[in-house]
Amino acid sequence: MFRAVELVQNRETKEPFPKNFNIAGKIKKRALDLGLICYPMQGTVDGTIGDHILIAPPFIINENEMNEICQKLKTTIESICN
């Protein structure tokens, strides 16, 4: 079970964040502070620019644990991207 989340500067135009912002890397660090492990990656758009993260929960995850992951991910993204 994988879930990928693409991170863009503008949702309407899908404009990516500049590479030097290292959004995916910042999200990884913040998420880890909250107890969530995610896999950051850059180069989503063209091999150089564009950020995304992967979440890979275990197959035996329950609804409460999934809600916890979603809340931690939401908190993380909001704290970095807003």
Side-chain angles (χ1 to χ4, degrees):
M1 177 174 12
F2 282 102
R3 175 61 63 181
V5 179
E6 183 178 6
L7 306 154
V8 295
Q9 189 167 323
N10 183 314
R11 286 184 180 187
E12 290 178 22
T13 65
K14 306 288 191 236
E15 177 186 355
F17 288 98
K19 181 175 177 60
N20 65 327
F21 281 24
N22 189 26
I23 295 297
K26 289 177 182 175
I27 286 181
K28 176 191 175 188
K29 288 178 185 175
R30 177 70 179 123
L32 199 53
D33 290 342
L34 296 175
L36 176 65
I37 297 172
C38 63
Y39 305 94
M41 300 187 181
Q42 288 187 305
T44 306
V45 175
D46 63 3
T48 302
I49 61 170
D51 295 272
H52 71 277
I53 57 168
L54 295 175
I55 302 292
F59 288 122
I60 59 170
I61 192 167
N62 64 43
E63 187 175 349
N64 289 335
E65 292 165 331
M66 185 62 78
N67 289 336
E68 180 182 352
I69 287 172
C70 291
Q71 185 57 50
K72 287 179 179 182
L73 184 57
K74 179 180 185 237
T75 300
T76 298
I77 292 172
E78 287 176 346
S79 72
I80 300 297
C81 295
N82 288 336

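The hydrophobic cluster containing I49, built from Ile/Leu/Val/Met/Phe/Trp/Tyr side-chain heavy atoms closer than 4.5 Å, also comprises V45. I60 belongs to no hydrophobic cluster with other residues, because no ILVMFWY side-chain heavy atom falls under 4.5 Å from its own, directly or through intermediates. Alongside L54, the hydrophobic cluster contains Y39, M41 (criterion: ILVMFWY side chains under 4.5 Å). With side-chain heavy atoms closer than 4.5 Å counting as contact, directly or through intermediates, L34 stands alone and belongs to no larger hydrophobic cluster.
Applying the salt bridge (charged side-chain N to carboxylate O under 4.0 Å, His left out) test to residues at least two apart or on different chains, none of the pairs has a partner in residues 30-56. Residue pairs meeting the salt bridge (charged side-chain N to carboxylate O under 4.0 Å, His left out) criterion with at least one member in residues 73-82, sequence neighbours excluded: K74-E78.
By the 4.5 Å heavy-atom criterion applied to side chains, F2 and P57 are not counted as neighbours. Residues V8 and E15 are not in side-chain contact: their nearest non-hydrogen atoms beyond the backbone lie 4.5 Å or more apart. Taking 4.5 Å as the limit, every side-chain heavy atom of I27 sits out of range of all side-chain heavy atoms of V5.
Legend: residues meeting side-chain hydrogen bond (donor to acceptor under 3.5 Å, both in side chains) with E6, ordered by chain and number and at least two apart, are absent. Remark: E63 engages no residue in a salt bridge (charged side-chain N to carboxylate O under 4.0 Å, His left out) (not counting sequence neighbours). Remark: E68 engages K72 in a salt bridge (charged side-chain N to carboxylate O under 4.0 Å, His left out) (not counting sequence neighbours). Legend: residues meeting side-chain contact (heavy atoms from CB on, under 4.5 Å) with N20, ordered by chain and number and at least two apart, are P18. A search for side-chain hydrogen bond (donor to acceptor under 3.5 Å, both in side chains) contacts involving T76 returns nothing, not counting sequence neighbours.
For K26 (side chain) and F21 (main-chain N/O), a donor-acceptor pair under 3.5 Å exists by modelled atom type.
A distance of 14.5 Å separates NE2 of H52 from CD1 of I23, quoted to the nearest 0.5 Å. Distance check: I80 CD1 to T75 OG1 gives 11.5 Å after rounding to the nearest 0.5 Å.
With I69 as the partner, the side chain to side chain contact (heavy atoms under 4.5 Å, CB included) test is satisfied by one option alone out of I37, I55, N64: I55.
For P40 against A24, the heavy-atom pair with the smallest separation is CB-O, 3.2 Å.
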| request: Could you go through the side chain to side chain contact (heavy atoms under 4.5 Å, CB included) check for I53 and K28 one step at a time? | output: CA-CA 8 Å; I53 57 168; K28 176 191 175 188; over 6 Å; no
